[in-house]
Every structure is written in structure tokens, then in C-alpha cells.
Student: 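Dropping a structure here in C-alpha cells format, bear with me for questions.
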Amino acid sequence: MRLKNHIVILALLSVSVIFAQKKKTVAIAPKNQFISELLSRMTLDEKLGQLNLPTSGDITTGQAGSSDIAKKIKEGKVGGLFNIKSVSRIKEVQKVAIEQSRLKIPLIFAMDVIHGYETIFPIPLGLSSSWDMPMIQQTARIAANEATADGINWTFSPMVDLSREPRWGRVSEGSGEDTYLGSQIAKAMVNGYQNNDLKAKNSLLACVKHFALYGAPEAGRDYNTVDMSRVRMYNEYFPPYKAAVDAGVGTAMASFNEVDGIPATGNKWLMTDVLRNQWKFNGFVVTDYTGIPEMIEHGMGDLQNCSSLALKAGIDMDMVGEGFLSTLKKSLEEGKISMSDIDTAVTRILAAKYDLGLFENPYKNCDIDLAKKEIFSKENRDFARKVASESMVLLKNDKNILPLKKSGTIALFGPLFDNKANMPGTWSVAANFDKPITILEGLKSTVGKSVNILSARGCNFLSTAAEEKININPHNPKSYVRDNRTDEELIAEALEVAKKSDVLIAVLGEGAEMNGECSSRSSIELPLVQKRLLDELLKTGKPVVLVLFTGRPLVLVEEDKKLSTILNVWFPGSEAGLAISDVLFGDVNPSGKLTATWPRNVGQIPIYYNHKNTGRPLNNKEGKFQKFLSNYLDVPNEPLYPFGYGLSYTNFEYSNLKTSSSKMNFSEKVSISVDVLNSGNYDGKEIVQLYIRDVVGSITRPMKELKGFKKIFLKKGEKQTVTFEISVEDLKFYNSDLQFVAEEGQFEIFIGKDSDATNKINLELVK
């Protein structure tokens with residue numbers, strides 16, 4: 001009877017392949033039965049092969065069958081590949097697995113689709129500054145549409161690592177410092193990628209990363225040690241990961257750092273006790289790039305020991321390290337692991353392939369005609385333009401220089417005003433770097449007929465020696481060409497152009513590779529060559545607008561003091577120049593708000609709004625030093641720009657804060673409302689933010705916590721009542737026993753335009 005079942009399952013697999021090649025899908029056995037039967041037919045080598053995720057290497061169209069990786073695929077020693085691009089290449093490689101391997105198990109194809117595929121949206125930190133969940137979800141949906149049309153079915157996104165460490169380069173890939181906002185974005189991204197139906201042709205398997213705590217490295221140095229209490233883990237750093245799990249994310253990626261002294265890749269408490277047992281995650285877990293062999297340097301033993309440690313911890317797929325492939329057989333023979341351990345991991349990977357519909361149609365994402373139609377379409381680019389404009393944050397506009405008039409002469413300066421390759425920002429691996437629209441191109445196409453546009457470089461990014469470090473872009477090695485004239489020559493040319501101009505726009509900041517992975521910075525100020533150019537432009541007495549590119553909060557104390565106008569554009573993506581022009585000339589009123597606190601200097605780091613009080617708090621905000629209180633001798637406690645901060649071309653006034661009841665029991669809900677008036681001269685959007693303080697708790701509680709926000713649109717002169725609903729769930733936290741509880745007592749509710757909101761109302765939670 002068992003032999004008969006084996007024949008049936010092989011027949012089903014063969015029929016599936018034949019029909020799939022004809023672009024038809026056939027029904028197969030129910031999931032558990034199908035996987036059980038397939039697993040029973042697999043050799044140990046084939047099982048270990050499913051746990052192996054190598055990179056694709058340089059596979060070119062027409063050579064997939066003879067590539068270095070092909071031999072392993074034919075032997076069933078590869079479960080998937082990542083960072084191979086294009087339908088034609090992927091289809092060729094899939095054919096090797098389907099037509100030349102014994103069991104014809106399809107491969108899964110992954111890519112770092114982080115903030116868009118070929119249509120690139122703002123970097124994730126920029127996206128988060130829109131505070132617009134439907135829009136953020138749609139960016140993931142478009143990325144999924146494009147990636148799946150090009151053969152990809154798995155993305156290593158979203159990255160939900162909460163971070164209060166702007167020196168860390170990968171802060172650019174996350175959603176800032178707040179656990180509530182980060183959780184909302186995590187859900188939006190997962191829903192956008194997976195679209196609640198993984199079998200659909202345009203659904204992309206998501207991967208929440210990096211689990212866990214990767215955003216809190218000591219000294220802000222990438223890959224460095226992380227150490228924190230479990231109370232902090234559960235209350236502050238874990239929730240965005242859990243939100244992704246609750247949204248149904250299909251996979252998770254282990255982080256490089258250690259947790260409680262054990263690297264995350266080998267941490268059973270993290271991967272099994274928390275992720276699977278507490279949160280009920282039922283997908284599979286992949287390591288980060290060479291995560292298993294890197295445990296050797298952590299001091300966890302040799303490759304065999306690290307590999308068995310990872311498998312026992314709950315890791316299912318080994319990215320690049322090949323420790324599973326090369327050592328688990330020996331560990332099985334020595335009794336260090338069991339066949340059950342291996343089968344569990346294999347089952348999870350096969351289940352993901354089943355859920356994606358790859359057994360029914362291995363070529364479901366290999367429609368060349370669809371790729372031509374879907375990728376980098378005008379509709380997608382138009383949406384990218386809108387998203388970019390809504391993500392920009394107006395940091396300063398004291399003299400109302402912005403919006404600019406569509407007349408006169410405007411001059412552009414700096415190393416970024418005509419630089420295509422830096423517009424997408426870090427981790428835009430699928431981008432075509434010759435397609436982004438520069439600021440010069442954007443202004444010429446939108447206002448070039450009514451505005452005379454001049455330009456001069458004025459400076460490079462950095463000094464020659466330092467610049468070599470930031471010009472190493474594996475995806476586009478020609479991303480930046482240095483101007484070899486002296487600083488004096490560059491500035492002299494800029495000043496000549498400035499003389500002929502009415503408004504000077506300095507396009508300065510970071511290059512794309514000054515942030516992202518392995519791009520930590522001990523100093524996060526503007527480079528000296530850029531500061532010098534700004535100073536020389538200011539000396540002309542003409543209006544100067546700083547258009548700031550950055551992937552992290554910067555220290556801008558000098559610039560904030562000297563300049564009247566600063567527009568932070570992050571790295572806006574494919575349509576950068578058009579979106580920046582929209583905001584500069586007022587076609588779009590900026591509405592972005594910061595999702596990470598901007599410090600006055602690096603000595604304040606870590607600095608974040610939802611800090612706890614001390615027993616000796618400093619209660620003045622004037623920066624006045626007081627002995628024997630918690631403050632600095634040389635700088636105020638307050639940041640330069642707080643969390644939630646962002647200006648508009650119009651003004652918003654808040655009034656009439658009220659609650660439906662001053663008391664609430666554990667089963668009730670209370671409404672909190674506030675009136676918001678657009679009292680300025682422009683229509684605009686405002687992000688109304690609600691914060692809560694738990695005044696007395698069984699453990700110390702933050703001074704404020706974001707618990708709600710709404711993005712509203714008001715015409716000039718219009719008033720709107722904005723209402724939030726609060727339940728006991730909004731008041732819960734993890735206590736010292738790691739129980740998720742709400743406690744009776746007094747709460748303060750704040751509503752305002754940023755985390756410095758002072759308008760408050762009291763609420764009491766009673767039994």
C-alpha cells in the first residue's frame with residue numbers, strides 16, 4: 001500500500017511539472033499528505049539540500065544549466081537561490097530543478113526587495129515619515145507586483161528593527177525609534193507583500209528581519225553586541241516583530257547579534273520559545289548571510305557545532321554558509337541532532353513552497369509578457385513620485401522662502417543635484433541606476449520654462465581618502481564620480497553662479513552608501529567640505545535652501561542656527577527630482593514627520609522621546625543647567641528635532657481636547673477628541689498624534705508612548721474634530737514577570753503635532 005502511495009505522489013509531481021510548463025495549474029494532494037509523502041521519498045542529502053540557500057552567482061541567460069550552481073541543483077542540494085534577476089534566468093534555473101533533479105522539487109527565488117523592485121520608493125526610514133499606512137502598504141504591493149512579474153517569489157523584507165542609534169547605518173532600512181508606529185508599518189508591509197493569498201501570481205512571500213534586537217548595537221557599530229533586559233525586549237523592541245507574525249508573515253530572518261549572550265542564529269529561547277511557542281509563528285526561519293559560520297567568531301565552536309546549534313535552536317534554512325549541507329550528516333551520525341530535527345526544518349520549507357503554489361506550477365512567476373507590462377510602469381512611477389513627496393520633512397522654514405516662486409533664476413549646488421545613482425538610496429538592488437530622475441532633471445521638466453535654472457557642483461561629498469569608503473556600491477560601482485578640482489576652484493565656480501541667481505539651493509548630505517549595512521558613522525554631522533560650501537553661499541546674502549539627503553538623523557545644530565530653510569528629502573527613489581520639485585514649488589505641501597529623534601550631538605545618543613524619568617529629573621526645557629539633576633554641562637537634554645516633528649507651508653492649531661469620560665473600566669472604551677484648525681494660507685495634511693503616560697506602575701513607565709495617529713487633510717480655514725478611541729489594550733505593558741497587563745490608576749493623554757505635545761487630559765483606569 002505504501003509503495004502505491006509513493007507511485008501516486010511521484011505521478012502527481014510529474015503531471016504537475018508537465019502542466020506547469022504549459023502554464024497550467026493542476027490540483028495536488030492536500031498539504032500535509034503531499035509533504036509527508038514527498039518527505040518519505042527524500043534521501044538525507046536531498047533533505048539537507050532543501051535547507052541550503054546559496055547565492056546565485058553570475059548566472060547568465062543561456063548558461064544556467066552549465067553554471068557552477070547547476071550541479072548542486074541537479075543533485076537536489078539547493079532549496080532556493082537569491083539575488084538572481086529576470087524571468088529568463090529564473091525560468092532556466094527552475095527548469096534545471098524540475099527537469100534534471102530526481103524529485104523535481106521547485107526552487108524558491110529570493111531577493112532583497114526592500115523599498116521597491118525597479119520602481120524605487122523612498123528608503124524605509126523615509127517611508128515611515130509619511131505615517132500613511134495605506135500608502136506604505138501599497139508600496140509593498142507594487143514591489144510585489146514587479147518582483148513576482150520578474151520571477152521572484154520571496155523577499156527579505158520588511159526590516160522592523162527598532163533603533164535609537166543613528167550612528168548605525170541600517171537605521172535607514174527601518175521605521176525609526178517607536179514600537180507602536182513600527183508595529184503598524186510591519187503589518188502594512190506584510191499585508192502589501194503577501195496580499196492574504198500566497199498562491200496568487202503577484203503575491204510575494206515576506207520575511208520579517210532581523211530577529212532580534214539588531215537595531216541596538218553597542219557604539220552604533222554594525223554587527224556589534226546587543227545587551228538589554230527582557231522587560232525592554234518585550235515592551236519596546238519585540239512588538240514590531242510580533243506584529244509581522246500576527247499579520248501572517250511567512251518567514252523570518254535571524255539577526256547577526258547575540259541575545260542574552262547567545263548569537264541569535266543559535267538562540268533556542270529566541271527562535272523556538274519566543275517566536276514559535278509564544279507567538280505561534282508557523283513559517284520557516286532563514287539565517288542572514290553566513291550567519292552560521294559567523295558564530296565561530298562569536299566563540300560558539302567549529303562549523304559543525306554551530307550548525308547543529310542553529311538547527312536545534314529552530315533555524316530552518318542556511319543562507320550561503322553551507323554548514324547544514326556539509327556537517328549535519330556527521331552530527332546526525334554522532335547523535336548531536338536527530339532526523340526529526342532535520343525533517344521539521346525540511347517540512348517548513350516544503351510547506352512554504354506548497355503555500356506559494358510552486359508544486360502546482362513551478363513557473364507561476366515566469367511570464368515574460370507580464371514582466372514587460374508590470375515593471376517600472378508609468379503608473380508605478382507616478383505613485384512613487386507621490387509617495388516621495390509625502391515622505392519629505394520640512395525641518396525649518398522661518399522666512400517662508402518655501403514654497404518657491406515659479407519665476408526668476410534658481411541655482412543648484414552640491415554633489416547630489418545631478419546624481420542619478422544616489423537617488424534610490426541604499427539596498428535598492430534591483431534598480432536600474434540610469435533611470436532615476438535627478439533634481440536638475442526634475443526642475444527642468446516641471447518649471448524649466450518659467451524658471452531659469454543654473455548649477456555648479458561646489459564641492460564633493462568628502463575628502464579624497466574618506467570618499468573611497470563610500471563609493472563601494474556592489475550594485476552600481478560607478479555610482480559617483482569625483483570632481484578632481486580643488487575645493488577652492490569648486491567654490492569659486494559656485495559663487496560665480498550664485499551671483500546670477502535669486503535663490504540658492506544647496507543639495508547636500510549623505511551619499512547612498514554612507515548609510516545602510518556596514519556604514520556606521522561615529523560623526524553624523526555634514527562633512528566639512530559641505531559645511532564650507534554652505535557658509536560661502538550664505539555669505540552672498542541670498543536666500544539659501546538646504547535640500548538634505550540622509551538615511552539617518554544627522555547633527556544639524558550649526559545648519560539649523562545659520563539657515564532659515566531646511567527640507568529633508570531622505571533618498572526619494574526613482575522619481576526623486578520630480579517629487580522634490582513638487583514640494584519646493586508648493587504643488588505638494590510637505591506633511592512628513594520624523595520617526596526618529598534628531599540629536600544635538602552624538603554625546604546625547606541614545607536619545608528618544610519615550611524615555612523614562614529619573615529620580616532627579618530636569619524639569620526645565622530652556623537648557624538651563626541645574627546641579628545634582630540629570631542633565632549635561634554643555635548641551636540641553638532636549639533634541640534638536642523631536643520624534644513626530646515636521647512643518648508645513650500652512651499652520652495647524654489644536655484646541656478643545658476632551659474625553660467622553662474621565663474614568664474607564666477594563667471592558668469599556670473611551671473617546672478622546674481634539675479640534676484641529678488649518679489657520680494658514682495653504683491646504684495641507686497634518687499628522688495628529690496621541691500619546692499616553694502611565695503615571696504610576698508596578699515598574700517604571702515611559703514619559704510618553706505613542707498610541708494612535710491620524711493623517712488628515714484640511715483646506716485653508718477648515719476645522720475638523722479628530723477622535724481616537726482608547727481601550728484597555730492601549731494601556732497594557734509587560735511587567736517584571738513578563739505578563740502583559742493593564743494596571744489600575746491614573747493616565748495622562750496628550751494630543752498634538754509631535755511628541756512634545758503639552759495639551760493633556762487625565763484618565764483613570766478602574767475595576
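Computed from a predicted model, the values in this text were never measured in an experiment. If you read the sequence from its start, that first residue is 1, and numbering goes on from there.
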Student: Under 4.0 Å between a side-chain nitrogen and a carboxylate oxygen: does that hold for D382 and K378?
Tutor: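 A salt bridge links D382 with K378.
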
Student: Count the heavy atoms of every other residue, nucleotide or ligand shown that sit under 6.0 Å from NZ of K372, and state whether that count exceeds 12.
Tutor: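 Incorrect, the count does not exceed 12.
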
Student: So, F82 versus W154, ring centres under 6.0 angstrom or not?
Tutor: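 Here the rings of W154 and F82 have centres that are no less than 6.0 Å from each other.
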
Student: Could you tell me if K85 sits above the aromatic ring of Y117, with its cationic atom closer than 6.0 Å to the ring centre and no more than 45 degrees from the axis?
Tutor: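 Yes, a cation-pi geometry.
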
Student: Show, in sequence, the C-alpha distance, side-chain angles and deciding distance for D45 and E75, and conclude whether the side-chain contact (heavy atoms from CB on, under 4.5 Å) test is met.
Tutor: CA-CA 8 Å; D45 285 340; E75 294 171 349; over 6 Å; no

Student: For the pair N515 and V171, evaluate side-chain contact (heavy atoms from CB on, under 4.5 Å) and give the outcome as yes or no after the intermediate values.
Tutor: CA-CA 8 Å; N515 53 81; V171 70; over 6 Å; no

Student: Ring centroids only, cut at 6.0 angstrom: are Y241 and W279 within range, meaning strictly under it?
Tutor: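 Ring-ring flag for Y241/W279: false, centres at least 6.0 Å apart.
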
Student: Using 4.0 Å as the upper bound for N to carboxylate O, is an ion pair formed by D355 and K199?
Tutor: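 No.
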
Student: Any idea how F256 and Y223 line up, ring-wise: parallel (<30°), tilted (30 to 60°), or perpendicular (>60°)?
Tutor: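 Taking Y223 first and then F256, their aromatic rings stand perpendicular (interplane angle over 60°).
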
Student: Relative to Y193, does R141 satisfy both conditions: NZ or CZ under 6.0 angstrom from the six-membered ring centre, and within 45 degrees of the ring's axis?
Tutor: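 Verdict for Y193: no cation-pi partner in R141.
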
Student: So, E322 versus S326: side-chain donor-acceptor pair below 3.5 Å or not?
Tutor: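 Side-chain D/A pair, E322 to S326: absent.
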
Student: Ring centroids only, cut at 6.0 angstrom: are F549 and F571 within range, meaning strictly under it?
Tutor: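 Ring centres of F571 and F549 closer than 6.0 Å.
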
